[in-house]
Amino acid sequence: MATVTTIAKLGEHVGETVTLRGWLYNSRSSGKLLFLVVRDGTGLCQCVLEKSEATAAAFEAARHLGQESSLHVTGTVRADPRSPGGHELAATDVHVVQNASGYPITPKAHGIDFLMKNRHLWFRSQRQWAILRVRHTIVEGIREYFNRNGFILIDTPIFAPAAGEGAQTLFAVDYFGEPVYLAQTGQLYVEAACMAHGKVYCFGPTFRAEKSKTRRHLTEFWMVEPEIAYADLDDVCALAEDLVCYLVQKTLRERRPELELLGRDLAKLEAVQKPFYRITYSQAAEILHSERVRQLLTDDLARAAARVVELKKLMEEKEQERTAPGVKEWKADKLAHELLEARDELADQEEAVRNIPKHMELAANFQWGGDLGGSDETIIARLHDRPVFVTHYPRGCKAFYMKRNAADPRVVNNLDLLAPEGYGEIIGGSQREDDLEMLLERMREEGLKEEDYAWYLDLRRYGTVPHGGFGLGVERTVAWICGLKHIRETIPFARMMGRIYP
RNA sequence: UCCCCGAUAGCUCAAUGGUAGAGCACCCGGCUGUUAACCGGGUUGUUGUAGGUUCGAGUCCUACUCGGGGAGCCA
């Protein structure tokens, strides 16, 4: 009886006969030779069946297996660079658990709607497999970081009472006949908890009914929110910086093969080192008005416009080449695929050409007092090669609980952390208003009812201290670290506007 | 809420207003080192829905539905 092992451990069994249990990822046959690419959850391995070496029954059974058939393969392990994992199995026996047929996700191209409808199967594909492993490591890193640094986990409620910010983006739920809402944050609750434990965090799903159909939005996403007592803005920034560095380094250390599979530029991640840049909101506003930004966007626009012309010409040439008489089928096929890719890029570039003038206008006309828009954040982030903290926003565009700045009462002690490469805001946080009177004043400005927040106000009555924290969005962090274009691949089953299946 | 794009075979896409096609998937055959293997043969259709224009609509027009991208808003 051969030893049962996994593909990840094949290196420990070179020369031995072992059994792998997995699924057929792809297969190729060449007469008396069969190549079965098998995956088992730990990796991919090419199993080679030679007709003369394998049992006749095994060879015949393996010849007719559909994609994703479940099987055991027994054979001798040998190192071979031609196999995906670097080790190959010279198979002698194949036991079919189930011969699957008609698996919908083929090794060829598919559209995103089809893939999302088949998300339960799409998991099995290499890229998706790699992304969710990176997510696992980032989530593990988050828990590890806080648990090892003296933070106590506080699970905050998901059913939340009506009071709160941005009521139009809340999902309402019937709670024994009363309307309650799915939580958008556990923040107020961790503030209470940090007065008991000093350093706490909550980690769970949050829900936002934003009608946003973009590559950065989910209606259900995961957020970790640490909160610390006796902390000011600098302490909160230091914590955010340390956490992000920890997560990036851990992922680089433990998921390098996955990042490489995803084609991530690792140098960009290696560059994520302390100290991150720190600028104030007012400095950001100056940057947006600067000649440097105008030039950056002018160059972007010129580049996008030139690329549009180039792509159109390229597509025309390829189309001519494809439809020319006497073109080989495989060549025409390849050209058709290249045309599709070019078409996608053209759509992106044309979108850029339409949007950049808007972005220029938004940046140039940016008024002190307004919130930074998505395009503004992208501009700021692009001017820096490491993450950037933007601090001290006007208090009018931020939540009531943020601490008013002592030196400049127009602004609050808050922070946003912008990830590089246009990934936008991954962290938002602040020092909290610990003065009861100031807090009440802000609540009145926002039209919030004191009685709804009676418990929260108690925290300022009984031993108030400077404190603060932040929220880090897991999916945006995963998208950034993996270098993904779209957030939907960073969570097992994405919940988005208009998508709730499977 | 607004703007742009799209919907044709199981999948990815073709089709000057004039007989709906290709590749992949699937089935059969060939090939002892393949890498989205390749070669030969076979099977595959209510062109998103409802109207309209026309001798004739996948193609043009209107509305709707669904999806993609973006704006606003946001992690």
Side-chain angles (χ1 to χ4, degrees), chain A residues 25-37 44 46 48-53 64 66-67 80-84 88 101-118 126 165-166 168-169 184-185 205-225 319 322-323 329-330 332-337 339-340 343-344 346-348 350-352 354-355 358-359 362 371-375 377 397 416-419 423-429 470-480 485-488 490 496-499:
Chain A
Y25 194 68
N26 197 4
S27 68
R28 290 176 284 272
S29 73
S30 179
K32 299 186 179 68
L33 201 55
L34 274 177
F35 298 97
L36 304 179
V37 178
L44 285 183
Q46 175 165 276
V48 186
L49 270 99
E50 288 182 39
K51 198 165 190 175
S52 55
E53 300 293 320
H64 298 283
Q67 202 187 336
D80 194 312
R82 291 171 295 186
S83 176
E88 191 174 76
S101 67
Y103 184 71
I105 303 178
T106 68
K108 301 282 176 177
H110 296 286
I112 192 64
D113 185 43
F114 178 78
L115 291 170
M116 287 305 284
K117 280 180 178 148
N118 288 284
Q126 281 284 278
E165 350 134 34
Q168 68 274 41
T169 64
Q184 292 196 328
T185 169
T206 66
F207 307 88
R208 306 231 172 140
E210 283 160 6
K211 293 192 174 172
S212 302
K213 284 168 61 171
T214 80
R215 62 187 70 183
R216 301 184 306 280
H217 287 88
L218 296 169
T219 53
E220 178 181 318
F221 65 94
W222 285 66
M223 189 157 71
V224 61
E225 297 176 276
E319 184 59 28
R322 189 178 73 87
T323 52
E329 249 171 43
W330 67 268
D333 215 35
K334 183 161 170 270
L335 285 164
H337 191 245
L339 272 165
L340 288 181
R343 187 190 299 171
D344 279 355
L346 182 64
D348 280 358
E350 283 178 337
E351 183 99 52
R354 277 196 299 276
N355 284 335
K358 274 189 252 170
H359 296 166
L362 282 169
D371 211 343
L372 292 174
S375 63
E377 286 179 356
C397 60
D416 276 358
L417 181 67
L418 307 181
Y423 281 93
E425 188 180 342
I426 55 168
I427 284 180
F470 61 81
L472 172 132
V474 170
E475 288 75 17
R476 285 192 181 175
T477 304
V478 175
W480 165 49
K485 211 174 154 187
H486 204 297
I487 200 165
R488 65 188 154 215
T490 64
M496 290 176 293
M497 203 186 146
R499 200 175 283 286

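All of these numbers come straight from a predicted model, not from anything done at the bench. Proteins get letters first, then strands, A, B, ... in listed order; numbering begins at 1 in each.
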Looking at the side chain of [X], which of [options] is the nearest nucleotide?
{"X": "A:Arg499", "options": "B:rC74, B:rG68, B:rC11", "answer": "B:rG68"}
{"X": "A:Arg28", "options": "B:rC74, B:rU34, B:rG33", "answer": "B:rU34"}
{"X": "A:His110", "options": "B:rU12, B:rG68, B:rU34", "answer": "B:rU12"}
{"X": "A:His359", "options": "B:rA71, B:rA75, B:rA37", "answer": "B:rA71"}
{"X": "A:Ser30", "options": "B:rA75, B:rC31, B:rC28", "answer": "B:rC31"}

Could you measure between the two [atom1] atoms, the one in [N] and the one in [M], and give it in whole Å?
{"N": "B:rG45", "M": "B:rA7", "atom1": "C1'", "value": "15 Å"}
{"N": "B:rC26", "M": "B:rG10", "atom1": "C1'", "value": "9 Å"}
{"N": "B:rA50", "M": "B:rU65", "atom1": "P", "value": "15 Å"}
{"N": "B:rG69", "M": "B:rC28", "atom1": "P", "value": "39 Å"}
{"N": "B:rG40", "M": "B:rG67", "atom1": "P", "value": "41 Å"}
{"N": "B:rG21", "M": "B:rU43", "atom1": "C1'", "value": "15 Å"}
{"N": "B:rU53", "M": "B:rA14", "atom1": "P", "value": "30 Å"}
{"N": "B:rC61", "M": "B:rG41", "atom1": "C1'", "value": "45 Å"}

| Ring-on-base stacking between A:Tyr103 and B:rA25, under 5.5 Å between centres and under 30° between planes: is it there? |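 By the stated criterion, A:Tyr103 and B:rA25 do not stack.
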
| query | Is the shortest heavy-atom distance from the side chain of A:Arg499 to the side chain of A:Arg488 under 4.5 Å? | reply |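 Counting from C-beta outward, A:Arg499 and A:Arg488 never come under 4.5 Å.
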
| field | Side chain proximity check, A:Gln46 to A:Asp80, heavy atoms < 4.5 angstrom | value |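 A:Gln46 vs A:Asp80: side chains apart.
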
| field | Spacing of A:Ile426 atom CD1 and A:Phe470 atom CZ [to the nearest 0.5 Å] | value |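 Reported value, rounded in 0.5 Å steps: 9.5 Å.
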
Euclidean distance, atom [atom1] of residue [X] to atom [atom2] of [N] [Å, nearest integer]:
{"X": "A:Tyr423", "N": "B:rC74", "atom1": "OH", "atom2": "C1'", "value": "18 Å"}
{"X": "A:Arg216", "N": "B:rG68", "atom1": "CZ", "atom2": "P", "value": "15 Å"}
{"X": "A:His486", "N": "B:rG67", "atom1": "NE2", "atom2": "C1'", "value": "12 Å"}
{"X": "A:Asn118", "N": "B:rU12", "atom1": "CG", "atom2": "C1'", "value": "14 Å"}
{"X": "A:Lys117", "N": "B:rC11", "atom1": "NZ", "atom2": "C1'", "value": "13 Å"}
{"X": "A:Asp416", "N": "B:rC73", "atom1": "CG", "atom2": "P", "value": "14 Å"}
{"X": "A:His217", "N": "B:rG69", "atom1": "NE2", "atom2": "P", "value": "13 Å"}
{"X": "A:Asp113", "N": "B:rU65", "atom1": "CG", "atom2": "C1'", "value": "13 Å"}

Heavy-atom closest pair, residues [X] and [Y]:
{"X": "A:Cys397", "Y": "A:Asp371", "result": "O-OD2, 3.9 Å"}
{"X": "A:Phe221", "Y": "A:Arg208", "result": "CE2-CG, 3.7 Å"}
{"X": "A:Ser375", "Y": "A:His359", "result": "CB-CD2, 3.2 Å"}
{"X": "A:Met223", "Y": "A:Val474", "result": "N-CG2, 4.4 Å"}

| message | Go nucleotide by nucleotide along RNA chain B from the 5' end; which of A:Lys32 and A:Gly473 gets its closest nucleotide reached first? | response |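 Per heavy-atom nearest nucleotide, the more 5' residue is A:Lys32.
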
| request: Could you list the residues that satisfy ring-ring contact (aromatic ring centres under 6.0 Å, His included) with A:His64, not counting sequence neighbours? | output: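 With neighbours one apart ignored, the set is empty.
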
| task | Check every strand shown and say whether A:Glu88 touches a base, only sugar-phosphate, or nothing at a heavy-atom separation below 4.0 Å. | result |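 Answer is base: heavy atoms of A:Glu88 come under 4.0 Å of a base.
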
Could a donor-acceptor pair under 3.5 angstrom be found where the side chain of [X] meets the base of [N]?
{"X": "A:Thr214", "N": "B:rC74", "answer": "no"}
{"X": "A:Arg476", "N": "B:rC74", "answer": "yes"}
{"X": "A:Glu210", "N": "B:rG72", "answer": "no"}

| Which letter, B, S or -, goes with each nucleotide of nucleotides 1-10 of chain B from 5' to 3', with contact meaning a protein heavy atom under 4.0 Å? | B--S------

| field | Pairs satisfying side-chain hydrogen bond (donor to acceptor under 3.5 Å, both in side chains), at least one member in residues 214-223 of chain A, at least two apart | value |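 Counting only pairs at least two positions apart or across chains, the side-chain hydrogen bond (donor to acceptor under 3.5 Å, both in side chains) contacts touching residues 214-223 of chain A are A:Thr214-A:His217.
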
| field | A:Asn118: side chain to side chain contact (heavy atoms under 4.5 Å, CB included) partners, not counting sequence neighbours | value |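 Residues passing side chain to side chain contact (heavy atoms under 4.5 Å, CB included) with A:Asn118: A:Pro104, A:Ile105, A:Phe114, A:His120, A:Leu121.
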
| message | Once side chain to side chain contact (heavy atoms under 4.5 Å, CB included) is applied, do any residues pair with A:Thr490, and if so which ones, sequence neighbours excluded? | response |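 A:Thr490 satisfies side chain to side chain contact (heavy atoms under 4.5 Å, CB included) with A:Glu475, A:Val478, A:Ala479, A:Leu484, A:Ile487 once adjacent residues are dropped.
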
| request: Please work out the stems of RNA chain B from pairs that are Watson-Crick or G-U wobble with both distances under 3.5 Å, keeping only runs of three or more consecutive pairs. | output: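 Looking at RNA chain B, the stems formed by three or more consecutive pairs are B:1-7 with B:65-71, B:10-13 with B:21-24, B:26-30 with B:38-42, B:48-52 with B:60-64.
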
